[in-house]
Amino acid sequence: MNDKSKTISEKIDWFFDRFKHIPYVSPALAVIFILAVVPTLFVLLISLTNYNLAMNIGKLRFVGLSHYIRLFSGKDIIFNYSLFITIFISAVIIFANLIVGYIFALLLDAREFRLKGVILAGLIAPIVVTPSIMTQVWVLMLNAEFGVVNYLIETLFGVRPAWLSPELALFSVSFVMFWFATPYVALILYAGLRTLPTDPYEAAEIDGANFIQRFRYITLPLMKPLIILVLLMRFIDMFKTFEMPFLLTSGGPGYRTTFLGLHLYKQGFGVNGFLGYSSAISVVLILLVVVLSMFLIRIMRKNKGLY
Amino acid sequence: MNIKGKKKELLTILIFLGLAFMFLQSVFPFYWMLVTSFKNKLQVYDASVWVFKPIFENYVKVFISKNFLKYLINSTVIAIFSVIISVFIGGLAAYGFARYQFKRKELYFFSLLALRMLPAIAFTIPYFIIGRFTGVLDTHVILIIASLTFNLPFTVWMMRGFFEEIPKELEESAKVDGCSTLQVLRLIVVPLAIPGITATGIFALIYSWNEFVYALILTSRDAVTIPILSTLFTSVAGTSYGQLATVGVLASTPILIFAMFVQKYMIRGLTFGAVKG
């Protein structure tokens with residue numbers, strides 16, 4: 001039988017057998033390379049130029065590392081501030097997420113009952129529904145004059161805080177981010193709690209260990225990989241923060257809620273249109289996320305198939 | 001015994017109170033959105049109105065004066081193409097990762113995760129500039145392409161686990177019986193992986209549907225999606241929250257229904273298959 005008498009199906013078969021994994025894996029890897037690695041290199045290149053949104057392309061000049069020097073010399077106060085809140089406010093939010101998420105997970109794990117599916121569905125809603133839309137609902141609810149949050153607070157305590165005022169804006173934005181992420185943390189920790197073995201707890205009961213001891217010496221060590229996984233995933237998520245401050249406060253008042261992504265956006269696509277400078281911020285952001293991803297990958301490889 | 005029994009009863013009550021609080025804080029914004037969508041112009045600005053006669057004015061307005069259908073079509077077209085492309089190409093790759101051993105396999109696999117994690121906002125500049133010079137800015141095409149940056153690595157990650165759960169022996173015995181590689185895929189692998197493929201597809205659909213950053217920067221008029229539409233209700237006259245809430249209800253209902261279908265796989269989807277749940 002020569003090649004010409006083979007049907008197309010046989011040819012494809014021969015091809016797939018001959019090259020093993022390559023026909024399966026290479027299309028996806030090629031597409032991802034083009035869509036992610038090439039833009040990364042491109043943004044790196046742009047960050048070394050004076051490219052501007054309104055600029056004639058003929059005026060494009062190579063400016064070397066001057067954008068980076070400006071970023072790290074402390075001249076861009078908003079950059080310093082946004083980097084600070086993106087790291088430290090995120091850490092606070094994530095810590096709160098873990099505490100409250102763990103309490104929620106314990107509540108879910110404590111008893112078996114028929115309506116648990118409904119409770120879980122309620123928790124899933126904030127995770128899956130379009131964040132930009134829910135953020136807008138929060139804008140309505142947090143309105144100082146006609147928001148339902150202040151209606152309830154005034155009824156109970158007789159005060160009407162201005163949630164998006166200079167003093168409270170960062171807290172309010174953080175709270176909304178906290179609200180979005182807590183169910184996510186709770187669900188994952190709940191899944192972890194459910195896979196814990198029962199033997200150590202039975203042994204602990206015989207030894208008379210109390211609640212805190214059981215948590216400290218059994219639950220925490222067993223859950224540690226999962227907790228670190230959630231922690232890193234949340235941190236990566238926080239570095240991507242955009243919708244919530246953008247829609248709640250557009251980074252204001254002043255620059256109080258300007259997270260890193262928002263600073264990048266304002267520099268590149270705001271009034272200035274400094275795409276070159278904005279690209280340099282992109283590179284910093286990409287590097288931060290890559291470093292965090294490396295840690296995440298290490299944790300995941302070490303604990304493969306644990307849960 | 002009696003004291004211990006009472007203590008346990010009290011604990012149970014506390015647990016259910018806690019669960020009730022957890023549920024309420026989670027769903028209240030959705031309830032408020034639904035209620036707001038049925039309020040009239042004045043009631044929207046009055047949080048003390050909890051019981052009222054629902055009106056459908058907002059729904060009519062959203063479809064007629066805001067042309068909701070156009071945005072719905074944009075979002076749907078982009079999501080469907082994104083899902084089809086990523087499930088097909090990503091599924092193939094996931095199968096390759098699940099079934100074959102090759103050099104630096106895990107390195108490639110984990111690099112995909114790192115790419116999935118990259119912040120969209122940092123990619124908007126190259127996409128914007130490339131889009132500007134190729135003329136695809138404000139089209140479905142550029143948003144479909146941009147959505148592959150997160151959906152394609154996601155599908156590879158998610159589906160590898162589903163393929164690994166299919167016993168290898170089934171495929172081997174089918175080959176012994178004379179099935180070709182394609183027949184094995186079509187007759188054995190795909191039918192067995194259908195629940196996993198569906199779940200992955202639904203997750204990819206949700207991710208694409210909710211995408212905000214790329215849509216904000218890469219569209220301006222023709223290809224605007226629903227998440228961006230939700231930002232267009234603010235004018236000098238204030239924000240029309242009634243219509244905004246209506247768009248919210250219309251956009252989130254399909255997502256909530258889809259999410260309920262994949263509830264079983266929720267943990268898996270949220271952790272890219274890392275936690276089987």
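Every heavy atom of this structure was used, including side-chain atoms; hydrogens, water molecules and symmetry mates were not. Every chain is numbered from 1 and lettered A, B, ... according to where its sequence line falls, protein lines coming before strand lines.
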* Looking only at atom types and distance, does a side-chain atom of A:Trp179 sit under 3.5 Å from a main-chain N or O of B:Gln25, one as donor and one as acceptor? -> yes
Exam field: side chain A:Gln136 to backbone B:Leu244, donor-acceptor pair closer than 3.5 Å: no
Scored by heavy-atom pairs under 4.5 Å with chain A, the best of B:Leu152, B:Ile89, B:Ile125 is B:Ile125
When every non-hydrogen atom of B:Gln263 is compared with those of A:Ala121, the smallest separation belongs to NE2-N, 3.7 Å
Per-residue tally against chain A (heavy atom, under 4.5 Å) across B:Trp32, B:Phe21, B:Phe28, B:Phe123 peaks at B:Trp32
Max heavy-atom pairs within cutoff under 4.5 Å with chain B, candidates A:Met294, A:Lys240, A:Glu145, goes to A:Lys240
Exercise. Using a 4.5 Å cut-off on heavy atoms from C-beta on, say whether the side chain of A:Pro39 contacts that of B:Tyr127.
Key: yes
Heavy atoms of A:Ile133 and B:Gly248 approach each other most closely as CG2-CA, 3.4 Å
Under 4.5 Å to a heavy atom of chain B? For A:Leu296 that would be side chain
Scored by heavy-atom pairs under 4.5 Å with chain A, the best of B:Asp46, B:Val156, B:Ile228, B:Ile145 is B:Ile145
Okay, B:Thr12 and chain A: the region with an atom under 4.5 Å from a heavy atom over there is both
When the 4.5 angstrom heavy-atom criterion is applied to B:Phe133 and chain A, the contacting part is side chain
- Item | Heavy-atom neighbours of B:Phe261 CZ exceed 12 at 6.0 Å | no
Of all heavy-atom pairs linking B:Ser26 and A:Leu123, the shortest is OG-CA, 3.6 Å
Per-residue tally against chain B (heavy atom, under 4.5 Å) across A:Val148, A:Leu120, A:Val289 peaks at A:Val148
Turns out that what part of A:Val25 lies under 4.5 Å from chain B's heavy atoms comes down to both
Notebook entry, point to check: If you count the non-hydrogen atoms of other residues, nucleotides and ligands that lie under 6.0 Å from CZ in A:Phe295, is the total more than 12?
Noted result: no
query = Counting only heavy atoms not in A:Arg160, do more than 12 fall under 6.0 Å of its CZ?
reply = yes
Under 4.5 Å to a heavy atom of chain A? For B:Ile129 that would be side chain
So, the part of B:Ile217 with a heavy atom under 4.5 Å from chain A: the answer is side chain
When the 4.5 angstrom heavy-atom criterion is applied to B:Leu24 and chain A, the contacting part is neither
Ranking A:Thr241, A:Val139, A:Val137 by heavy-atom pairs under 4.5 Å to chain B gives rank one to A:Val137
Whatever's closer than 4.5 Å to a heavy atom in chain B on A:Leu140 counts as both
So CG of B:Leu118 and CZ of A:Phe239: to nearest 0.5 Å the spacing works out to 13.0 Å
Bottom line for B:Phe16: the part with an atom under 4.5 Å from chain A's heavy atoms is side chain
| request: Could you check whether the rings of B:Tyr45 and A:Phe146 sit parallel, tilted or perpendicular, using 30° and 60° as the cut-offs? | output: perpendicular
The interface call for B:Ala259 against chain A, heavy-atom contacts under 4.5 Å, is side chain
> A:Phe269 vs B:Phe128 aromatic rings, parallel, tilted or perpendicular, using cut-offs 30° and 60°?
Replying inline: perpendicular
Most contact-rich option vs chain A, by heavy-atom pairs under 4.5 angstrom, among B:Thr149, B:Leu19, B:Leu14, is B:Leu19
Whatever's closer than 4.5 Å to a heavy atom in chain A on B:Leu216 counts as side chain
When the 4.5 angstrom heavy-atom criterion is applied to B:Met266 and chain A, the contacting part is side chain
Under 4.5 Å to a heavy atom of chain A? For B:Tyr241 that would be side chain
Point to revise | Heavy atoms of other groups near B:Tyr108 OH, more than 12 under 6.0 Å | key: no
Applying a strict 4.5 Å limit to non-hydrogen atoms, the region of B:Leu270 in contact with chain A is both
- Message: Would you call the rings of A:Tyr24 and B:Tyr95 parallel, tilted or perpendicular, taking 30° and 60° as the class edges?
- Response: tilted
Interface check, chain B: of A:Val284, A:Thr130, A:Val100, most non-hydrogen pairs under 4.5 Å belong to A:Thr130
Would you find a donor on one side and an acceptor on the other, under 3.5 Å apart, between the side chain of B:Asn210 and the backbone of A:Val128? yes
Bottom line for A:Pro27: the part with an atom under 4.5 Å from chain B's heavy atoms is both
Under 4.5 Å to a heavy atom of chain B? For A:Leu264 that would be side chain
Whatever's closer than 4.5 Å to a heavy atom in chain B on A:Tyr51 counts as side chain
Rounded to the nearest 0.5 angstrom, the CD1-CD1 distance for B:Ile255 and A:Ile124 is 13.5 Å
Is any side-chain heavy atom of A:Leu108 less than 4.5 Å from a side-chain heavy atom of B:Met22?
yes
Whatever's closer than 4.5 Å to a heavy atom in chain A on B:Phe97 counts as both
Here the gap from A:Ile286 atom CD1 to B:Ile121 atom CD1, rounded to the nearest 0.5 Å, amounts to 11.0 Å
Per-residue tally against chain A (heavy atom, under 4.5 Å) across B:Ser86, B:Gly96, B:Pro119 peaks at B:Pro119
Looking only at B:Val27, B:Leu112, B:Ile15, B:Ile85, the option with the highest number of non-hydrogen pairs under 4.5 Å against chain A is B:Ile15
The reported gap from CG in A:Leu275 to CZ in B:Arg132 (rounded to nearest 0.5 angstrom) is 7.5 Å
- Message: So B:Phe110 and A:Ser293, do their side chains get closer than 4.5 Å, heavy atoms only?
- Response: no
Between B:Leu115 and A:Ala36 the two heavy atoms that sit nearest each other are CD2-CB, 3.8 Å
Of the listed A:Ile119, A:Leu152, A:Val43, the one with the largest count of heavy-atom pairs under 4.5 Å with chain B is A:Ile119
Looking only at heavy atoms, the pair that brings A:Leu35 and B:Leu148 closest together is CD1-CB, 3.5 Å
The interface call for A:Val118 against chain B, heavy-atom contacts under 4.5 Å, is both
- Query: Should we count CZ of B:Phe258 as having more than 12 external heavy atoms under 6.0 Å?
  - Reply: no
Whatever's closer than 4.5 Å to a heavy atom in chain B on A:Leu247 counts as side chain
Of all heavy-atom pairs linking A:Pro23 and B:Leu92, the shortest is O-CD2, 4.1 Å
Turns out that what part of A:Ile46 lies under 4.5 Å from chain B's heavy atoms comes down to side chain
Worksheet item: Take atom NZ in A:Lys116; do more than 12 heavy atoms of anything else shown fall under 6.0 Å from it?
Response: yes
Okay, B:Phe88 and chain A: the region with an atom under 4.5 Å from a heavy atom over there is neither
If one checks every heavy atom of B:Leu185 against chain A at 4.5 Å, the contacting part turns out to be side chain
* To do: Measure the shortest side-chain to side-chain distance between B:Pro153 and A:Ile32 over non-hydrogen atoms and say whether it is less than 4.5 angstrom.
  => yes
